[in-house]
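These notes concern the structure reproduced below.
These values consider heavy atoms only, across backbone and side chains, with no hydrogens, waters or symmetry-generated copies. Source: prediction; values computed, not measured.
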Amino acid sequence: MIQRRNVPFLALILILLSIGIALILHRHWVYEVPLMYGETQTVWSIEARVEFVANGDAVTVSLVRPSAQDGYNILQESGASPGYGLNFIDEGEPRAEWTIRTAAGRQELYYRTEILESQSSTAIPKPAPALRHPDWPEPYRSAIGMVLSEAYTTSADNFSLTRELLKRFNSQSPPQHIELLRSYSNGHRAALLAEILNHAQVPASVVYALALEDGRRRQSLTPLLRVWSGDESEVFYLDANGGSDLRDQPKILWEQRGAPVLDVIGGSDSRVRFSMIRREESTFTSIADNLSDQQNFLNFSIHSLPVEEQAMFKTILLLPVGALIVCILRILVGIRTSGTFMPVLIALAFVQTSLGTGLIGFSLVVAVGLFIRSYLSRLNLLLVARITAVIISVIGIISIFSVLSYKLGLTEGLKIMFFPMIILSWTIERMSILWEEEGGREVMIQGGGSLLTAVFAYGAMNDSWVRHLMFNFIGMQFVVLALVLMIGTYAGYRLSELKRFASFRTRA
């Protein structure tokens with residue numbers, strides 16, 4: 001049975017685990033941070049090339065930019081425009097605007113964006129545009145009235161009315177009034193359908209989509225029909241005669257409100273073409289780009305910090321893992337170490353150097369340091385002076401080893417400078433005192449235990465999966481803390497103590 005005095009402690013453990021798991025799941029579901037290391041996400045690099053002929057006067061070029069939408073998030077935007085001023089304007093429909101006082105002849109401007117395929121989206125719903133009521137001449141007015149009357153009786157809402165209109169316009173053998181309207185549209189069927197729907201008091205507009213296909217060049221936008229019903233909207237695809245059928249092809253809506261995609265003032269013969277490349281990026285790259293701009297209270301993202309601070313935290317956040325390994329080996333296994341958390345710092349040095357180089361460097365520095373410390377003990381120095389002398393000696397030893405390694409062409413030896421010199425000095429001091437008080441055997445036991453613990457801690461801290469979780473999920477700190485608290489209550493036999501009872505088993 002659970003003792004009453006343990007209830008608050010168990011409640012604390014449950015609270016820490018709940019907070020940690022909740023933060024991990026929230027970050028995974030809402031921000032799509034993968035739980036497994038090595039997953040990739042698709043990023044599209046899209047370049048828009050604007051071409052026109054300048055008239056020799058001031059030029060203003062406005063190109064609609066894509067915005068976040070279901071399935072896609074915008075990561076980065078840039079432009080190339082020698083001699084032009086370039087501004088990204090977000091008021092109303094996002095657009096890139098190039099300006100110059102004087103330009104003549106053929107001009108080329110470039111806009112580039114990085115778009116991440118994502119299940120979540122920060123897209124803001126687009127409001128319905130204002131209704132337009134064009135004045136059609138006869139007999140087109142009567143034909144529109146007939147087709148609307150037919151479609152209206154067999155529909156229930158704005159979306160079903162649109163499907164009925166599309167079914168009639170896409171018929172293989174349409175009636176005479178549909179054929180008349182087809183000829184009137186002159187290939188711009190999406191615009192005609194939008195005007196017909198506006199005439200029926202249904203908000204609709206032409207939007208432009210870009211089909212995404214790896215390695216394609218000089219692509220153009222495809223007109224689609226977007227219809228609103230209250231705050232909801234739906235995009236409808238045209239047949240091959242009125243536009244590309246993009247149902248089974250990835251696409252992004254480049255323009256979502258029916259505004260002109262390209263507007264050139266001071267030039268003529270303008271057009272825009274698109275090229276694209278698809279690539280798979282690791283989670284670390286795409287997560288950093290995707291999360292750095294999402295600033296809210298629940299987004300505890302290290303990626304929002306400057307790069308220099310991110311690099312520092314990438315190492316600091318591994319320390320709880322090393323401390324957890326030390327707790328397991330000291331409390332549950334019973335390994336004795338020189339200093340409580342000195343193995344964690346040694347493991348951190350191994351991460352910077354590599355395991356083989358770290359073990360050799362640590363053993364050499366400590367061995368030479370112990371020899372020097374044995375000489376200093378004969379001088380009867382005070383503690384502060386003796387430790388200072390050991391620190392200076394350790395720095396000298398590391399410097400000599402680094403120079404010798406470089407001279408011999410052993411570049412791996414240069415990594416020895418990553419060792420924490422103060423910690424090494426205290427380790428040498430503790431081992432020297434232990435040698436004097438307990439003998440060389442105890443020094444070998446605690447020194448070997450420290451190295452063994454450091455190797456296990458290094459293995460955990462250097463694991464790619466662990467590094468991914470600790471860096472990208474702040475909730476892991478709560479989980480590790482809960483595990484440490486649970487281990488801290490263990491008062492049973494350690495694994496290393498079981499050998500004391502081996503004789504009882506043989507007698508039995």
Distance, nearest 0.5 Å, that separates [atom1] of [X] from [atom2] of [Y]:
X: Thr315; Y: Met470; atom1: OG1; atom2: CE; answer: 12.5 Å
X: Ser275; Y: Arg216; atom1: OG; atom2: CZ; answer: 10.0 Å
X: Leu224; Y: Glu234; atom1: CG; atom2: CD; answer: 12.0 Å
X: Ile328; Y: Leu324; atom1: CD1; atom2: CG; answer: 4.0 Å
X: Glu232; Y: Asp157; atom1: CD; atom2: CG; answer: 10.0 Å
X: Trp228; Y: Asn158; atom1: CH2; atom2: CG; answer: 11.5 Å

So Arg226 and Glu255, salt bridge (Lys or Arg N to Asp or Glu O under 4.0 Å) or not? Walk me through it. CA-CA 11 Å; Arg226 188 169 192 174; Glu255 196 286 315; over 6 Å; no
Counting heavy atoms not belonging to [X], are there more than 12 under 6.0 Å from its [atom1]?
X: Phe274; atom1: CZ; value: yes
X: Phe478; atom1: CZ; value: no
X: Glu108; atom1: CD; value: yes
X: Gln176; atom1: CD; value: no
X: Arg218; atom1: CZ; value: yes
X: Ile89; atom1: CD1; value: yes

Would you say [X]'s side chain and [Y]'s backbone share a donor-acceptor pair under 3.5 angstrom?
X: Trp254; Y: Val64; answer: yes
X: Ser233; Y: Ser229; answer: no
X: Gln69; Y: Ile252; answer: no
X: Ser155; Y: Thr162; answer: no
X: Ser160; Y: Ala156; answer: yes

Less than 4.5 Å apart, side chain to side chain, heavy atoms only: is that true for [X] and [Y]?
X: Tyr110; Y: Val50; result: no
X: Arg112; Y: Ile46; result: no
X: Ser62; Y: Val264; result: no
X: Phe236; Y: Leu166; result: yes
X: Gln107; Y: Val61; result: no
X: Asn73; Y: Ile115; result: no
X: Ile74; Y: Leu116; result: no
X: Glu97; Y: Thr99; result: yes

Decide, yes or no, whether a salt bridge links Arg101 with Asp57 under the criterion of side-chain N to carboxylate O below 4.0 Å. no
So does Arg106 pair up with Asp269, basic N to acidic O under 4.0 Å? yes
Could you walk me through whether Asn170 and Arg189 pass the side chain to side chain donor-acceptor pair (under 3.5 Å) check? CA-CA 10 Å; Asn170 294 336; Arg189 187 172 302 178; 3.2 Å; yes
Give the C-alpha distance, both sets of side-chain angles, the deciding distance and a yes or no for side-chain contact (heavy atoms from CB on, under 4.5 Å) between Asp90 and Arg65. CA-CA 9 Å; Asp90 295 317; Arg65 295 154 43 212; 3.1 Å; yes
CA sep, side-chain torsions, deciding dist, call: Ser67, Gln256, side chain to side chain donor-acceptor pair (under 3.5 Å): CA-CA 9 Å; Ser67 56; Gln256 304 185 52; 3.0 Å; yes
So, using side chain to side chain donor-acceptor pair (under 3.5 Å) as the criterion, who are the partners of Glu164 when residues are at least two apart? Thr154, Lys167, Arg168
Does Ser220 form a side-chain contact (heavy atoms from CB on, under 4.5 Å) with Arg273? I'd like the steps, not just the answer. CA-CA 5 Å; Ser220 58; Arg273 291 290 183 266; 4.1 Å; yes
Closest non-hydrogen atoms of Gly267 and Asn55, given as atom of the first, atom of the second and distance, are N-ND2, 3.6 Å
Test side chain to side chain donor-acceptor pair (under 3.5 Å) applied to Lys251 and Tyr72, step by step: CA-CA 10 Å; Lys251 60 197 169 296; Tyr72 298 96; over 6 Å; no
With respect to Tyr111, which candidate in Arg49, Glu47, Glu77 satisfies the side-chain hydrogen bond (donor to acceptor under 3.5 Å, both in side chains) definition? Glu77
Distance-only side-chain donor-acceptor flag, Glu150 / Tyr152, under 3.5 Å: no
Show the numbers, then the answer: is there a side-chain contact (heavy atoms from CB on, under 4.5 Å) between Leu319 and Val321? CA-CA 5 Å; Leu319 292 177; Val321 177; over 6 Å; no
Residue pair Glu114, Trp44: steps toward the side chain to side chain donor-acceptor pair (under 3.5 Å) verdict: CA-CA 6 Å; Glu114 303 285 324; Trp44 291 91; over 6 Å; no
Identify, with sequence neighbours excluded, every residue that meets side chain to side chain contact (heavy atoms under 4.5 Å, CB included) alongside Leu17. Ile13, Val479, Ala482
Taking only residues two or more places apart in sequence, or in another chain, which ones meet Arg217 in a salt bridge (Lys or Arg N to Asp or Glu O under 4.0 Å)? none
Could you go through the side-chain contact (heavy atoms from CB on, under 4.5 Å) check for Arg271 and Leu262 one step at a time? CA-CA 8 Å; Arg271 64 178 181 176; Leu262 179 62; 5.6 Å; no
